[in-house]
Amino acid sequence: MTHGPFLPPEVREQFPGAAGRVYFDMALKGLIPRAAAEAAHTHVDEVLNARASKAAHLRSVEHCREMLAGLIGAHADEVAITKNVSEGLNLLASSLPWEKGDNVVLCTELEHPNNVFLWYNLRKLKGIEVRSVEPDGGRIPVEGFAAAVDGRTRLVTIPHVSFSPGFVTDVRAIADVAHARGALLLVDAAQSIGSLRCDVGELGIDALAVATQKSLLAFYGMGFLFVKRSLAESLIPAHVARYGMDMGVEAGETARTGGDHLPYAAGARRFDLGNYNYLGAQAAEASLALITAVGIDRIEDHVRALTARLVEGLLEMGPRSAPRHGEPQLEEPLHEPRGER
């Protein structure tokens with residue numbers, strides 16, 4: 001049983017965490033490559049020895065923004081820097097002009113809890129209706145969403161790959177359903193970006209949130225929020241800070257504005273808050289560079305080939321019965337619970 005094309009040995013050598021074993025826990029935490037570890041060590045050494053440069057740190061952040069934009073078919077100005085998926089989802093949701101009686105449509109059973117809590121919280125804050133669609137055999141149901149979306153639907157939200165059981169959603173079909181009624185499509189891409197191709201234009205995505213600790217192969221504490229430029233520039237951010245303002249190159253860190261004029265930054269940059277996770281950015285920069293160099297199409301082919309190999313192998317093995325009384329059992333679980341975003 002052979003499948004391909006598999007990635008070359010020099011790519012696998014970047015991941016000592018998978019040396020001599022198979023790593024299955026990508027849904028919780030991806031392995032970082034050696035390049036990301038080296039970048040993190042360099043950052044710590046620079047800070048430790050008073051050689052750190054704020055300008056260099058900001059360049060790393062911008063390079064990450066540009067590479068993530070390139071990975072999803074967006075412009076850098078359509079990408080905000082966040083600390084995780086949850087922050088990205090909340091930044092977008094809290095900035096929409098909700099009116100009492102508006103509704104949001106989602107499939108709560110297949111979502112991570114952090115793409116569920118915020119909508120019920122908005123129901124308390126704004127009086128919106130939360131419409132939950134029943135799954136179709138573990139899959140996001142296009143027909144179910146079509147039946148639930150109406151003229152008062154402000155937003156539809158789905159996972160690109162479901163939190164559980166991990167099926168790929170027909171994003172384009174759901175986007176067409178949402179847009180036909182004038183609603184927006186927000187995607188939780190925690191389980192996909194870095195492993196699967198995702199072009200936001202082709203898929204009709206209006207906003208998308210992702211973090212770096214899974215298939216982007218970096219650390220917890222850094223993420224990205226894509227917001228389509230036309231949408232971003234129609235919104236007043238619910239939370240603002242210095243880096244979300246366009247004060248001009250010469251204005252510096254202490255720049256302020258008078259009166260009630262707020263010079264929001266272009267596109268999704270207006271959602272940037274405060275200082276960034278510079279350690280996380282330097283590691284993510286190295287990982288994104290590796291992903292870009294290998295190519296997302298090759299990575300997706302690799303992932304799908306491995307999946308096919310695993311499924312066929314499990315089918316050949318057949319079902320295994322539970323251990324009988326007195327037989328040895330595993331002392332530890334095969335995997336840890338899936339992590340927070």
More than 12 foreign heavy atoms under 6.0 Å from [atom1] of [X]: is that the case here?
X: L31; atom1: CG; result: yes
X: R51; atom1: CZ; result: yes
X: Y23; atom1: OH; result: yes
X: K29; atom1: NZ; result: yes

Which atom pair, heavy atoms only, marks the closest approach of [X] to [Y]?
X: D206; Y: A183; value: OD2-O, 4.4 Å
X: W98; Y: A93; value: NE1-O, 2.8 Å
X: Q282; Y: T42; value: NE2-CG2, 4.3 Å
X: M222; Y: A284; value: SD-CB, 4.3 Å
X: A232; Y: A268; value: CB-N, 3.7 Å
X: G274; Y: A241; value: N-CB, 3.2 Å

Within the structure provided, determine whether [X] and [Y] are in side-chain contact (heavy-atom separation under 4.5 Å).
X: Y264; Y: M245; value: yes
X: R154; Y: P97; value: yes
X: N277; Y: K83; value: no
X: L273; Y: L91; value: yes
X: L184; Y: L92; value: no
X: I158; Y: L185; value: yes
X: P16; Y: R34; value: yes
X: E87; Y: N84; value: yes

### Task
Test I81 against F224 for side-chain contact (heavy atoms from CB on, under 4.5 Å), laying out the working first.
CA-CA 5 Å; I81 306 298; F224 304 96; 3.7 Å; yes

Value rounded to 0.5 Å, distance of [atom1] in [X] from [atom2] in [Y]:
X: I193; Y: F226; atom1: CD1; atom2: CZ; value: 10.5 Å
X: L71; Y: T292; atom1: CG; atom2: OG1; value: 6.0 Å
X: D77; Y: R270; atom1: CG; atom2: CZ; value: 10.0 Å
X: H43; Y: E38; atom1: NE2; atom2: CD; value: 16.0 Å
X: L306; Y: F24; atom1: CG; atom2: CZ; value: 9.5 Å
X: L288; Y: T212; atom1: CG; atom2: OG1; value: 8.0 Å

### Query
Does E129 have any salt bridge (charged side-chain N to carboxylate O under 4.0 Å, His left out) partners at least two apart in sequence or in another chain, and if so, which?
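With sequence neighbours excluded, E129 shows a salt bridge (charged side-chain N to carboxylate O under 4.0 Å, His left out) to R131, given in chain and number order.
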
### Message
Applying salt bridge (charged side-chain N to carboxylate O under 4.0 Å, His left out), can you list everything that pairs with R152, at least two apart in sequence or on another chain?
### Response
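Partners of R152 under the salt bridge (charged side-chain N to carboxylate O under 4.0 Å, His left out) test: D102.
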
### Task
Tell me, with the steps shown, if N114 and D188 meet side chain to side chain donor-acceptor pair (under 3.5 Å).
CA-CA 10 Å; N114 288 346; D188 176 349; over 6 Å; no

With a 4.5 Å cut-off on side-chain heavy-atom distances among I, L, V, M, F, W and Y, is there a chain of contacts connecting [X] to [Y]?
X: F167; Y: V210; answer: no
X: L290; Y: I32; answer: no
X: I174; Y: V161; answer: no
X: L196; Y: V171; answer: no
X: L89; Y: V130; answer: yes

### Task
Show your reasoning for whether side-chain contact (heavy atoms from CB on, under 4.5 Å) applies to T153 and D150.
CA-CA 5 Å; T153 302; D150 63 18; 3.3 Å; yes

#### Entry: E62/R269 salt bridge by N-O under 4.0 Å criterion
yes

### Query
Parallel under 30°, tilted from 30 to 60°, perpendicular over 60°: which one fits the rings of Y276 and Y243?
parallel

### Task
Could you point out which residue of H160, K214, R197 forms a side chain to side chain donor-acceptor pair (under 3.5 Å) with S192?
H160

### Query
Could you walk me through whether N90 and H239 pass the side chain to side chain donor-acceptor pair (under 3.5 Å) check?
CA-CA 10 Å; N90 274 276; H239 307 278; over 6 Å; no

### Task
Please assess N115 against T157 for the test side-chain contact (heavy atoms from CB on, under 4.5 Å), listing each intermediate value before the final yes or no.
CA-CA 8 Å; N115 197 22; T157 183; 2.9 Å; yes

#### Entry: Test log, rule side-chain contact (heavy atoms from CB on, under 4.5 Å), inputs R298 and L7
CA-CA 8 Å; R298 291 181 69 195; L7 298 177; 4.3 Å; yes

### Query
Quick one: which of L155, L122, I128 gives a side chain to side chain contact (heavy atoms under 4.5 Å, CB included) with L96?
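That would be L155.
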
### Query
Is there a donor-acceptor pair closer than 3.5 Å between any side-chain N or O of E233 and the backbone N or O of G267?
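At least one qualifying donor-acceptor pair exists.
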
#### Entry: Donor-acceptor contact below 3.5 Å, side chain N49 vs main chain D45
yes

### Task
Decide yes or no on side chain to side chain donor-acceptor pair (under 3.5 Å) for E285 and S60, but give the supporting numbers first.
CA-CA 6 Å; E285 182 181 22; S60 288; 2.9 Å; yes

